[in-house]
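Below, read A as the first sequence line, B as the second, and so on, with proteins coming before strands; counting in each chain starts at 1.
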2 protein chains.
Amino acid sequence: MQSDDAKTRRREIPEASLRRLPIYYRFLQKMAVDGVVRVSCADLARGLGLDPTQVRKDIEMTGIVGKPRFGYPLVHLIGWLENFLGWNRAKSAVLAGAGSLGSALLGYEKFRKHGMEIMAVFDIDGAKIGQRIHGKEVQPLGFLPDFVRRTHTLLGLIATPADAAQSVADLMVTGGIRAIWNFAPAHIRVPERIILQNEDLYHSLASLSFKLERQLGAPPFESEISYAKDH
Amino acid sequence: MQSDDAKTRRREIPEASLRRLPIYYRFLQKMAVDGVVRVSCADLARGLGLDPTQVRKDIEMTGIVGKPRFGYPLVHLIGWLENFLGWNRAKSAVLAGAGSLGSALLGYEKFRKHGMEIMAVFDIDGAKIGQRIHGKEVQPLGFLPDFVRRTHTLLGLIATPADAAQSVADLMVTGGIRAIWNFAPAHIRVPERIILQNEDLYHSLASLSFKLERQLGAPPFESEISYAKDH
DNA sequence: TGCATATCGAGAAACTTATATCGAGATGTT
DNA sequence: AACATCTCGATATAAGTTTCTCGATATGCA
């Protein structure tokens with residue numbers, strides 16, 4: 001809002017670009033393992049089958065400056081992206097819901113490498129409370145707000161059944177959480193200031209299902225087999 | 001004319017609208033349980049905390065026609081959405097990867113109510129093959145293409161580790177799959193004709209992490225990351 | 001050294017999606 | 001029966017995103 005230079009450009013990056021950065025990030029890491037030391041946007045585009053202009057735009061959005069005819073030093077670009085996304089700074093999180101999805105999330109070791117650490121798990125089911133899942137003891141859901149408050153936890157993950165999601169979100173907000181990552185198939189409402197990210201499978205399923213039916217209904221596709229944006 | 005209009009409009013619905021339809025759908029079902037018999041776009045918007053204009057636009061996109069001053073008959077609208085999304089027509093699916101995520105997906109009873117039925121599970125791990133998960137016996141991954149071919153399976157779910165995702169996708173394509181729902185944190189490439197839906201947690205995590213850090217305030221460091229360039 | 005070329009960076013154009021506005025028609029009320 | 005009002009549907013405007021184009025510059029090579 002204040003100015004337009006590189007410092008604040010970070011704040012104006014399109015959501016779509018933001019979501020593509022991990023794709024580049026992973027590809028860069030793979031290249032690093034292969035011993036590559038420099039990379040151009042065109043290299044990325046070729047390797048990933050994406051549009052070169054889009055790749056350049058996305059990278060440019062992060063504020064890093066490359067050199068014409070050279071590209072970017074690979075390791076430096078990786079570090080830049082990590083820093084840009086905040087993946088090199090730990091953020092604590094709590095998880096609500098110790099069912100199969102919650103357990104799977106708890107087991108994701110890699111989250112820690114991406115700046116997120118799940119500090120505690122909560123559930124309302126008496127049978128689950130006290131159990132240990134991936135080394136974390138399941139605590140009563142009622143303890144959540146106080147835990148969040150005491151430890152200044154920033155992020156809350158919701159992996160409960162749909163009908164519990166709103167009340168769990170409310171608990172998190174009560175405790176002073178800053179962002180919610182909602183895996184429950186439910187539309188939840190939170191105060192404006194809370195960052196909310198929905199991971200609703202049924203949103204995707206709707207899109208997928210519709211497209212699939214449309215394709216099936218349409219004339220049974222031209223038999224040319226061409227790879228997307230790959231030429 | 002009406003139906004022709006509606007049919008063509010079906011093909012032009014924005015992705016964003018498509019992904020919001022399940023939100024309306026669920027809210028409508030809740031209303032139906034409460035005995036409501038008619039609903040207006042404004043009702044939906046109010047109940048969900050969304051913009052009324054957007055709701056109307058989305059509903060309109062599906063081609064249903066409402067009545068001024070009345071809205072839509074609730075049950076009829078629910079049925080219309082189900083039909084529009086194809087949730088009332090069963091589509092068979094296969095799952096690759098019987099780890100924690102794969103198991104969780106297998107356990108989602110509700111998928112069937114949304115038109116998707118997972119018919120078989122495949123894994124490459126000898127220890128898992130033969131085990132039963134949620135009533136399905138895990139089969140060797142190599143059997144996948146033939147299974148897909150024999151049963152004309154439309155949809156493939158990938159819940160493998162990242163490094164296996166591309167080869168599994170290739171297997172599915174070989175078998176003649178029409179759409180892939182990819183849960184592995186990997187960028188996979190498929191022929192143009194294949195519908196691909198990525199459910200990459202790290203895309204979301206990037207967005208969430210960035211927003212969280214931005215909200216927390218001061219960019220940790222700005223200009224000192226300008227790589228000292230040797231000549 | 002000087003030229004050809006790959007690559008970045010920025011701005012413009014095209015396209016998509018979201019928001020605002022307005023007219024028409026159905027309903028409920030007086 | 002007439003009127004006020006609510007709600008849809010369509011059009012217009014704005015905002016956001018992607019794609020295209022072009023100039024500038026560093027590098028590699030002759």
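A close approach under 4.0 Å does not occur between any side-chain nitrogen or oxygen of A/K57 and OP1 or OP2 of D/dT17. Using a 4.0 Å cut-off, no side-chain N or O of B/Y72 falls inside it from OP1 or OP2 of C/dA26.
Between the C1' atom of C/dT7 and the NZ atom of A/K67 lies a distance of 12 Å, rounded to the nearest Å. Following rounding to the nearest Å, B/L77 (CG) and D/dC8 (P) show an atom-to-atom distance of 10 Å. Rounding to whole angstrom units, CG of residue B/D58 and C1' of C/dA18 are separated by 10 Å. Residue B/E60 contributes atom CD, which lies 18 Å from atom P of C/dT21 at whole-angstrom precision. Atom pair A/L44:CG and C/dC8:P shows a separation of 9 Å (rounding to whole Å applied). Residue B/Q54 contributes atom CD, which lies 17 Å from atom C1' of C/dT21 at whole-angstrom precision. Rounding to whole angstrom units, CZ of residue A/R38 and P of D/dA26 are separated by 14 Å. When rounded to the nearest whole Å, the span between CZ of B/R69 and P of D/dT7 equals 6 Å.
In summary, the aromatic rings of A/Y24 and A/F27 are positioned with their centroids too far apart to meet the 6.0 Å limit.
No side-chain donor-acceptor contact under 3.5 Å links B/Q166 and B/R189.
Taking a cutoff of 4.0 Å between a charged side-chain nitrogen and a carboxylate oxygen, B/R26 and A/D200 qualify as a salt bridge.
Of the candidates D/dT7, D/dG28, C/dA18, the closest approach to any side-chain atom of B/R56 belongs to D/dT7.
Taking the six-membered ring where tryptophan is involved, the planes of A/Y25 and A/H114 are perpendicular, since the angle between them exceeds 60° and thus also 30°.
Residue contacts for B/T53: at a heavy-atom cut-off of 4.0 Å it reaches a base atom on one of the strands shown.
Taking the nucleotide of DNA chain D with the nearest heavy atom to each of A/S17 and B/V39, the more 5' of the two is matched to B/V39.
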